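This structure is a prediction, so every number in the text was calculated from the model and none was measured. Counting starts at 1 for both ligands and their atoms, in listed order.
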Amino acid sequence: MAGRNFLFVPGPTNVPDRILRAMMVAMQDHRSPAFPEFARSIFPPLKRLFQSSRGEAFIFPATGTGAWEAALANTLSPGDRVLAPRFGQFSHLWIDMMQRFGLDVEVIDVEWGAGAPEERIAAALAADRDHRVKGVMVVHNETATGVTSDIAAVRRAMDDARHPALLYVDAVSSLGSIDFRFDEWGVDLAITGSQKGLMMPAGLGIVCASPRVLEAERTARLPRVFFSFADMRRSNAEGYFPYTPALPLLHGLRESLSMLFEEGLPEVFARHARLAGGVREAVKAWGLASCCRAARWQSNTVTAVVVPPHVNAQSVIETAFRRYDLALGAGLSRLAGKVFRIGHLGDLNELMLLGALGGVEMAMHDCGIEVAAGSGVAAAQAVWRGERTAAEAVPLAA
Ligand code: PLP
């Protein structure tokens with residue numbers, strides 16, 4: 001098809017030309033005396049992105065899943081108890097990984113569309129008087145449902161219970177798009193991947209670790225080789241990596257961080273909030289509901305739109321792709337066929353999103369969902385032109 005593909009899945013996101021150009025590099029000797037200067041230039045801005053001065057950043061040639069594994073393998077032992085709310089496909093998959101590692105996972109099941117339940121976490125920790133729980137594991141932005149949990153509130157719940165567990169946070173679809181405060185929220189391990197807010201291809205699994213992690217590493221007995229923090233730390237201290245780094249991706253990461261800080265983190269977060277506000281108004285104008293159950297959890301990076309029961313959401317996704325070259329996110333696992341997801345994160349502005357909303361309207365219409373042509377587009381325009389304040393809430397799924 002002529003023209004650009006409209007990529008509106010919630011990751012991978014559009015890679016800006018600046019980053020594409022930065023990644024077009026000749027290979028270089030990663031053991032050369034010149035390499036450390038380049039490698040060392042990446043870590044300070046990377047820590048700033050996590051809003052951390054006390055943390056330690058690690059970059060693995062992996063994806064978000066690899067970063068999940070790194071966080072677990074370096075800090076826990078088989079049989080260790082961890083507490084994990086499950087409210088979407090990604091929290092589910094992380095829990096599955098914990099179980100496959102032989103951890104004793106206390107799962108707090110919550111309906112999909114809700115966020116991490118602070119009160120239930122507090123109650124579980126209060127009941128754990130002999131402090132068997134070693135970690136609380138929360139997905140900050142559940143990409144499957146479009147739900148952002150309140151990590152500061154989870155930290156408060158842990159502090160109120162005076163519980164020493166480490167706080168592990170999946171920031172894969174929030175970091176670089178939604179405010180994420182590693183130090184202030186007392187996060188101990190945060191992980192992300194390169195293909196979402198960082199606007200890059202997949203290929204880097206990134207971890208930020210608090211000083212308490214060092215202590216946990218000393219006693220942790222899960223095996224780790226490729227993902228060893230200790231090996232990585234030793235090489236990074238000299239400005240190198242323990243194995244061949246993904247050089248173009250490191251160049252891309254450095255450019256991505258430059259772009260984010262040129263725009264300014266508060267401005268990046270505000271842009272995502274503004275764009276998300278327009279999308280929510282569009283959903284409202286279509287007379288549809290979002291999967292997210294409450295206004296406080298609405299994600300600024302992804303909206304999962306619930307289709308009417310007589311329609312299979314997959315047909316909307318396929319029509320959008322085949323007819324209009326618009327890629328939307330599918331409903332995952334138990335949400336398959338029930339929702340389609342609009343990713344609104346990364347290198348994105350109002351006009352790009354208006355195009356996507358127009359394509360969604362056409363695809364929905366083609367699939368028998370009665371929406372007035374232009375209704376969502378007009379509602380989003382009204383928000384972005386400043387005529388209307390985005391309502392706090394979209395209609396919530398019944
Ligand atoms: N966690 C969240 C919240 C995600 O959205 C994803 C992927 O979309 C992952 C983890 C897994 O990351 P990856 O696909 O990079 O392994």
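In this structure, K196 is part of the shell of residues with a heavy atom less than 4.0 angstrom from ligand 1. In this structure, H140 does not count as a contact residue of ligand 1, since none of its heavy atoms falls inside 4.0 Å of the ligand.
Under the 30°/60° scheme for interplanar angles, the aromatic rings of F38 and H251 are found to lie parallel. A parallel orientation is assigned to the rings of W68 and W94, their planes being inclined by less than 30° (bins at 30° and 60°).
Among D170, L93, T301, the residue whose heavy atom sits closest to atom 1 (N) of ligand 1 is D170. Considering each of G64, G66, G193, S173, the one bringing a non-hydrogen atom nearest atom 12 (O) of ligand 1 is G64.
Contact annotation for T65 and ligand 1: heavy atoms of both the backbone and the side chain come within less than 4.0 Å of the ligand. With a 4.0 Å heavy-atom cut-off, ligand 1 is reached by the side chain of W68 but not by its N, CA, C or O.
Checked for salt-bridge contact, E118 and R296 meet the test: a charged N lies under 4.0 Å from a carboxylate O.
Proximity of the aromatic rings of F226 and Y243 is defined here by a centroid distance below 6.0 angstrom, and this criterion is met.
Interface of Q195 with ligand 1, defined as ligand atoms under 4.0 Å from a residue heavy atom, comprises 13 (P), 14 (O), 15 (O). Of all atoms in ligand 1, listed by their number and element, those nearer than 4.0 Å to a heavy atom of N141 are 3 (C). Close contacts of ligand 1 with T143, meaning ligand atoms under 4.0 Å from a residue heavy atom, involve 2 (C), 3 (C), 4 (C), 5 (O).
Taken to the nearest 0.5 Å, the CG atom of D366 stands 11.5 Å off from the CD atom of E361. Here the straight-line distance linking atom CG of L328 with atom CD of E318 works out to 11.5 Å at 0.5 Å rounding.
At a cut-off of 3.5 Å, with distance as the only test, no side-chain donor of T148 or N300 sits close to an acceptor on the other residue.
In terms of protein heavy-atom proximity, atom 9 (C) of ligand 1 is nearest to F90 CD2, 3.6 Å.
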